Number of protein chains: 2
Amino acid sequence: MRMRKKKWALPFLQEHSEVALQNPIHLKSRWNTVSDQRPIHLEIGVGKGGYINQMALQHPDAFWVGIEKDVNVVCIAVKNFLNQENDNELFITNDASELEQWFDKGEIDVIHLNFSDPWPKKGYRKRRLSSDGFVSKYHDILKENGKIILKTDNKILFEFSVVEILKLYFVLEEISVDFRREEHQEDAITEYEAKFMALNQPIYRAIFKKI
Amino acid sequence: MRMRKKKWALPFLQEHSEVALQNPIHLKSRWNTVSDQRPIHLEIGVGKGGYINQMALQHPDAFWVGIEKDVNVVCIAVKNFLNQENDNELFITNDASELEQWFDKGEIDVIHLNFSDPWPKKGYRKRRLSSDGFVSKYHDILKENGKIILKTDNKILFEFSVVEILKLYFVLEEISVDFRREEHQEDAITEYEAKFMALNQPIYRAIFKKI
């Protein structure tokens, strides 16, 4: 979702560079010290941060890292986080394709992909966050038995992602073609997700385990 | 779907025992001669045969074998087939759990599971045609690169089946969470399927390849 340009976004992010990192190459292989030995959850494409901010509050036993390249939305994610009480979060305000510069092999426990841009046109498949180029990077930075949890309303993206991820040394641990037909209090509902639920449209979700 | 008992069912099937086989152990490892070297498609649980009869007409380049244990429905499948012009079909009027007595390892090209009984209660999972006991038999009788094509309206059965089948040396070749959103003239619409389509409910489908 594109947002209007915000004049305050960049200065605000620079002012809070202790939680809004631009290029944290110095943390590579040192995330354990940042997370204080807690498992690290990485959400790629956090948007306005509705999911990660809620999950970090709900799961203080984990450390949450959110990546978002659009400064006009991530500024809101950071702002909302700063208004919360928890301190188990960090943001990276940069493009996820640089992932391997910030994380070492096996540093991450869980990767979350929520309602990623489906890039529906065939020529743009490589831009999908679940295309093989990205997935092989996820495989690298995930621990043994680490997981990718993917959630979307988009049929085409879901079908593509399941086949694509299973090609690359992941096994399917769970799949749901209507995740919200049952209560899942352990999992935060994003703003975007709530809209689809209100329209009675199914939410698709799958969990993949690294092998 | 249970049907009322039909008095004519058993005598009719006995009369047409050349196409309605009860226990074809004599054909094990000889299906190639029956199929005249054509690839063999096996549908398990054909019901009244709407799918297999239409597919056999549409795809004369293949040989179609249908299994159905309920004599009160398979009699209709056989009757309708006998009223068609094609001769590339056979029925087995028996329980699919006896599969390995009729087919040798690697004899089958494709297995079709259409709208199988979901057996929703947890205690009856083993009865699902996509539970591991059945799937390992399918694996045995399928050729290298042979396929299972599963189609259902039932969310729970679909989610269960995808995870279960991928545990057992199959890879996911294709998945659709709304198969009928596009035209698929190559695939027959079963009576049951048409009802769900009329209600605008999604049809789930997946193709698994033996590895």
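First the proteins, then the strands, lettered A, B, ... as listed; each starts at 1. The shown structure was predicted, so the numbers you read here are calculated from the model rather than taken from an experiment.
- Interatomic distance, Leu172(B) CG to Ile175(A) CD1, rounded to the nearest 0.5 Å: 7.5 Å.
- Residue contact with chain B, scored on non-hydrogen atoms closer than 4.5 Å, is absent for Val171(A).
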Which atom pairs, one donor and one acceptor, sit under 3.5 Å between chain B and chain A?
{"residue": "Lys155(B)", "atom": "NZ", "partner": "Asp178(A)", "partner atom": "OD2", "Å": "2.5"}
{"residue": "Glu159(B)", "atom": "OE1", "partner": "Arg181(A)", "partner atom": "NH2", "Å": "2.7"}
{"residue": "Glu159(B)", "atom": "OE2", "partner": "Ser176(A)", "partner atom": "OG", "Å": "3.4"}
{"residue": "Glu159(B)", "atom": "OE2", "partner": "Val177(A)", "partner atom": "N", "Å": "2.8"}
{"residue": "Glu159(B)", "atom": "OE2", "partner": "Arg181(A)", "partner atom": "NH1", "Å": "3.0"}
{"residue": "Glu159(B)", "atom": "OE2", "partner": "Arg181(A)", "partner atom": "NH2", "Å": "3.4"}
{"residue": "Ser176(B)", "atom": "OG", "partner": "Glu159(A)", "partner atom": "OE2", "Å": "3.3"}
{"residue": "Val177(B)", "atom": "N", "partner": "Glu159(A)", "partner atom": "OE2", "Å": "2.8"}
{"residue": "Asp178(B)", "atom": "OD2", "partner": "Lys155(A)", "partner atom": "NZ", "Å": "2.5"}
{"residue": "Arg181(B)", "atom": "NH1", "partner": "Glu159(A)", "partner atom": "OE2", "Å": "3.0"}
{"residue": "Arg181(B)", "atom": "NH2", "partner": "Glu159(A)", "partner atom": "OE1", "Å": "2.7"}
{"residue": "Arg181(B)", "atom": "NH2", "partner": "Glu159(A)", "partner atom": "OE2", "Å": "3.4"}

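- The choice from Leu166(A), Ile156(A), Val163(A), Val177(A) that makes the most heavy-atom pairs within less than 4.5 Å of chain B is Val177(A).
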